[in-house]
Asks: 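One structure coming up, written as structure tokens, with questions to follow.
Here the structure is a predicted model, which is why all the values come from computation and not from measurement. Each chain gets a letter, A, B and so on, in the order its sequence line appears, and its residues count up from 1.
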Amino acid sequence: MRSDRQNRTPMGLKIAAAAGLAFLHLPLLLIFVYAFTTEDKSYQFPPPGLTLKWFAVTWNRPDVWDALTLSVKVASISTVVALVLGTLCAAAISQTRFFGREAISLLVILPIALPGIITGISLRSAFNLAEIPFSFWTIVLGHATFCVVVVYNNAVARFRRMSGSLIEASMDLGADGFQTFRHVILPNIGTALLAGGMLAFALSFDEVIVTTFTAGQQATLPIWMLEELVRPRQRPVTNVVAMVVVLVTFLPILAAYYLTRDGDQISGQGK
Amino acid sequence: MTAAAASGPSAILPGRGGIGGALSDAFWRNPKLLLFLMLTPPLLWLGVIYLGSLFALLMQSFFSIDEFSGVIVREFTLKTYGELLRPSNLDIIIRTVTMAALVTLAAAVIAFPIAYFAARYAKGRWKAVFYLGVMLPLWSSYLVKIYAWKLILAKEGILNWLFAKLHLTFLLDGWLALPVVGGNSLSVSPTGTFLVFVYVWLPFMILPVQAALERVPSNLMEASADLGASPGQTFRNVLLPLALPGVIAGSIFTFSLTLGDYIIPQIIGTSHRFIGMAVYAHQGTAGNIPLAAAFTVVPVAIMGVYLWLAKRAGAFDAL
């Protein structure tokens with residue numbers, strides 16, 4: 001029967017899809033194996049033995065902690081800046097129509113559409129021309145620039161589904177702009193902002209290409225990892241850090257997924 | 001009706017009191033004022049700081065470097081662009097574009113079955129599994145992913161071990177002995193660079209292809225089969241043309257990301273340079289900012305043409 005067709009999955013397709021997913025995930029799982037290996041001079045597989053001692057060694061490393069702290073600080077502040085700028089942009093783009101609207105949405109996407117090295121080198125040469133010394137804030141400046149887009153994307157999708165008449169109704173019923181924002185807009189876009197913020201945090205926490213140009217001598221966690229990748233000195237510590245980074249980035253992604261999954265039930269969307 | 005008009009409050013409320021209320025009223029009457037205030041901060045940041053830096057960089061590509069003193073001459077010249085056409089620099093550009101094209105092609109081939117399965121056959125829980133199965137690798141750390149491949153491709157690593165266990169080491173050695181793709185070991189061969197590029201950018205291809213495939217009505221495929229087309233013909237004549245905008249949208253990412261990357265070929269690959277590495281080297285130790293700037297214009301120009309073609313093919317609807 002022809003109508004059965006769509007329920008029967010071709011075997012070849014199943015195998016190809018499963019192989020593709022395996023290709024995406026096996027390398028990450030391998031990281032977990034290496035974090036426990038007793039071998040510390042090479043990347044030998046299979047590991048000659050398993051041990052937990054590298055976790056203790058990593059825990060007592062001040063350079064790892066310093067890099068981690070810097071990364072968390074930069075990511076937090078970049079996320080806050082991106083949340084403010086991204087939401088403003090999304091609100092303006094989705095609620096109104098005006099000349100140059102397309103140009104602005106392109107401008108927001110540009111920092112992530114252009115290769116990171118271009119953003120990095122142009123910021124660096126701009127800092128040089130303006131004689132701004134490298135600091136914590138030069139890193140934040142670079143990160144916030146490309147974090148805006150993820151917040152914007154999440155917020156704009158939600159704004160589009162939210163009916164503009166909700167805001168009008170709120171204003172008609174006597175709420176002022178702030179009250180409308182607090183009681184009508186925020187509850188509707190809250191989860192989208194949270195999800196966008198988490199993705200922005202993950203993006204900033206992991207960024208290395210722009211950071212190499214804007215950090216000067218400071219080391220964020222990715223910069224620390226890059227050093228180890230180019231010149232491996234402490235393989236076991238790198239293994240442990242890599243595993244922890246995988247685990248830590250999985251959490252916001254899972255959370256962002258569960259927050260936006262039920263995003264279809266937005267009030268006023270049936271307009 | 002008359003009762004309501006007589007007893008109820010007037011239909012037009014009095015103005016809101018206080019500064020907040022006055023502001024709200026002002027914004028309500030002049031939406032353009034609110035729009036202006038909302039757009040000013042993001043435009044200051046992105047339009048002035050970001051675009052300003054980009055233009056400053058572009059400007060520098062029209063300067064040149066004095067070959068004897070190493071000082072940057074701030075006069076308009078096209079000499080630096082001329083330098084891009086030197087055989088050694090042209091080699092870099094061709095190598096990078098070839099790699100980007102191959103990576104895009106491979107990513108499309110691997111991504112298609114995953115995207116097709118997720119779009120058409122995965123239901124309920126499996127849909128979530130596929131979605132997260134693509135999102136987790138997409139968002140996990142870029143450097144950790146490269147590190148994982150350093151572990152995999154290492155001489156003493158899992159891939160060589162696997163080949164040895166299967167008694168297929170001769171295959172690997174044979175491949176590595178080939179002139180263009182081979183090298184001393186996988187981690188210092190163009191094959192290694194290619195594998196890592198495909199792995200790292202693959203999720204960027206899967207998502208738009210899946211989005212495009214989800215919009216293909218399944219009864220089109222059934223109609224094609226009913227009208228006597230073989231599965232191969234249906235794929236070529238119905239599915240592929242409809243999925244193409246998604247593939248092109250994905251290729252924008254894989255192509256652009258490969259063009260600009262300088263970390264992957266630096267860690268896994270030969271000493272032959274890619275565009276990103278050339279930019280990094282010229283702006284760093286060499287101090288030749290004009291040439292570095294001219295080099296960055298190459299991927300931008302290539303992507304500009306690419307985006308224009310993609311837009312004509314309708315790829316932006318699939319993003």
Asks: Given that the side chain runs from C-beta out, which part of Tyr131(B) has a heavy atom under 4.5 Å from chain A: side chain, backbone, both or neither?
Replies: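 The side chain, not the backbone.
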Asks: Determine yes or no for a side-chain-to-main-chain donor-acceptor pair under 3.5 angstrom, with Asp206(A) supplying the side chain and Tyr142(B) the backbone.
Replies: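 Indeed, once roles are kept as given, a pair shorter than 3.5 Å links the two residues.
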Asks: Any side-chain heavy atom of Ile267(B) sitting closer than 4.5 Å to one from Leu226(A)?
Replies: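 Side chain of Ile267(B) against side chain of Leu226(A), heavy atoms only: contact under 4.5 Å found.
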Asks: Under a 3.5 Å distance rule, please check whether His25(A) uses its side chain to pair with a backbone N or O of Pro137(B) as donor and acceptor.
Replies: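 Checking the backbone N and O of Pro137(B) against the side chain of His25(A), no donor-acceptor pair under 3.5 Å is found.
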Asks: Might you point out which heavy atoms bring Ala91(A) and Met38(B) nearest each other, and give the distance in Å?
Replies: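 Taking every non-hydrogen atom into account, CB-SD, 3.9 Å.
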Asks: Do Thr212(A) and Tyr262(B) have a side chain donor and acceptor closer than 3.5 Å?
Replies: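 Tyr262(B) and Thr212(A) do have a side-chain donor-acceptor pair below 3.5 Å.
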Asks: Measuring from atom CD of Glu228(A) to atom NZ of Lys150(B), what distance do you get when rounded to the nearest 0.5 angstrom?
Replies: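 Rounded to the nearest 0.5 Å, the CD-NZ separation comes to 9.5 Å.
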Asks: Please rank Phe117(B), Trp139(B), Tyr280(B) by heavy-atom pairs under 4.5 Å with chain A and give me the top one.
Replies: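 Result: the option with the highest number of such pairs is Trp139(B).
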Asks: Between Ser140(B) and Thr249(A), which heavy-atom pair has the shortest distance, and what is it?
Replies: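 Of all heavy-atom pairs spanning Ser140(B) and Thr249(A), the closest is CA-OG1, 4.0 Å.
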Asks: Side chain of Gln44(A), backbone of Glu156(B): donor and acceptor closer than 3.5 Å?
Replies: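 No, Gln44(A) side chain to Glu156(B) backbone: no donor-acceptor pair under 3.5 Å.
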Asks: Using every non-hydrogen atom in the two residues, find where Ala148(B) and Leu30(A) come nearest and quote the distance to one decimal.
Replies: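 Closest approach of Ala148(B) to Leu30(A), heavy atoms only: O-CD2, 4.4 Å.
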Asks: If you define the side chain from C-beta out and look only at heavy atoms, does anything of Tyr147(B) sit under 4.5 Å from Tyr34(A)?
Replies: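 The answer is no, as the side chains (C-beta and beyond) never meet within the 4.5 Å cut-off.
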Asks: Please report the closest heavy-atom contact between Pro115(A) and Gly260(B), naming both atoms and the distance.
Replies: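 What the structure gives for the nearest pair is CB-CA, 3.5 Å.
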Asks: Would you check if Ile206(B) and Leu24(A) make a side-chain contact, meaning some heavy-atom pair closer than 4.5 Å?
Replies: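 When only atoms from C-beta onward are counted, Leu24(A) and Ile206(B) do touch, with a gap below 4.5 Å.
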Asks: Can you tell me how far apart CZ (Arg124(A)) and OG (Ser53(B)) are? Round to the nearest 0.5 Å.
Replies: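 The CZ atom of Arg124(A) sits 13.5 Å away from the OG atom of Ser53(B).
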Asks: Does any non-hydrogen side-chain atom of Pro42(B) lie less than 4.5 Å from one of Val108(A)?
Replies: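 Result no, sub-4.5 Å side-chain heavy-atom pair not found.
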Asks: Check whether any side-chain heavy atom of Gln283(B) sits under 4.5 Å from a side-chain heavy atom of Ser125(A), and report yes or no.
Replies: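 No - every pair of side-chain heavy atoms lies 4.5 Å or more apart.
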Asks: Measuring heavy-atom distances to chain A, does Leu44(B) have an atom under 4.5 Å in its side chain, in its backbone, in both, or in neither?
Replies: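 Answer is neither: Leu44(B) stays 4.5 Å or more from chain A.
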Asks: Check Ser122(A) against Leu54(B) and note the closest heavy-atom contact, atom names and distance.
Replies: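 Taking Ser122(A) first and Leu54(B) second, the nearest heavy atoms are OG-CD2, 3.6 Å.
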Asks: Compare all side-chain heavy atoms of Met135(B) with those of Tyr257(A) and state whether any distance is below 4.5 angstrom.
Replies: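 Answer no - side chains too far apart.
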Asks: Are Asp261(B) and Ile209(A) packed together at the side-chain level, in the sense that at least one heavy-atom pair is separated by less than 4.5 angstrom?
Replies: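 A side-chain contact exists here, since the closest heavy-atom pair is under 4.5 Å.
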Asks: Find out whether Thr145(A) and Ile49(B) are in side-chain contact, i.e. whether some heavy atom of one side chain is under 4.5 Å from a heavy atom of the other.
Replies: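 When only atoms from C-beta onward are counted, Ile49(B) and Thr145(A) do not touch, as no gap falls below 4.5 Å.
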Asks: Side chain from CB out, backbone as N, CA, C, O: work out which of these in Leu136(B) comes under 4.5 Å of a heavy atom of chain A, or both, or neither.
Replies: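 Contact with chain A: backbone and side chain both.
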Asks: Go through Ala154(B), Gly47(B), Ser256(B), Ala56(B) and name the one with the most non-hydrogen pairs under 4.5 angstrom from chain A.
Replies: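 Between Ala154(B), Gly47(B), Ser256(B), Ala56(B), the count favours Ser256(B).
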Asks: Checking Ala128(B) against chain A: side chain, backbone, both or neither under 4.5 Å from a heavy atom?
Replies: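 The answer is both parts of Ala128(B).
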Asks: Using a cut-off of under 4.5 Å for heavy-atom pairs, which of Val84(A), Ile93(A), Ile118(A), Thr87(A) has the most such pairs with chain B?
Replies: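 The answer is Ile118(A).
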Asks: Ignoring hydrogens, what is the shortest heavy-atom contact between Pro111(A) and Tyr50(B)? Give both atom names and the distance.
Replies: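 In this case the closest contact between Pro111(A) and Tyr50(B) is CA-OH, 3.3 Å.
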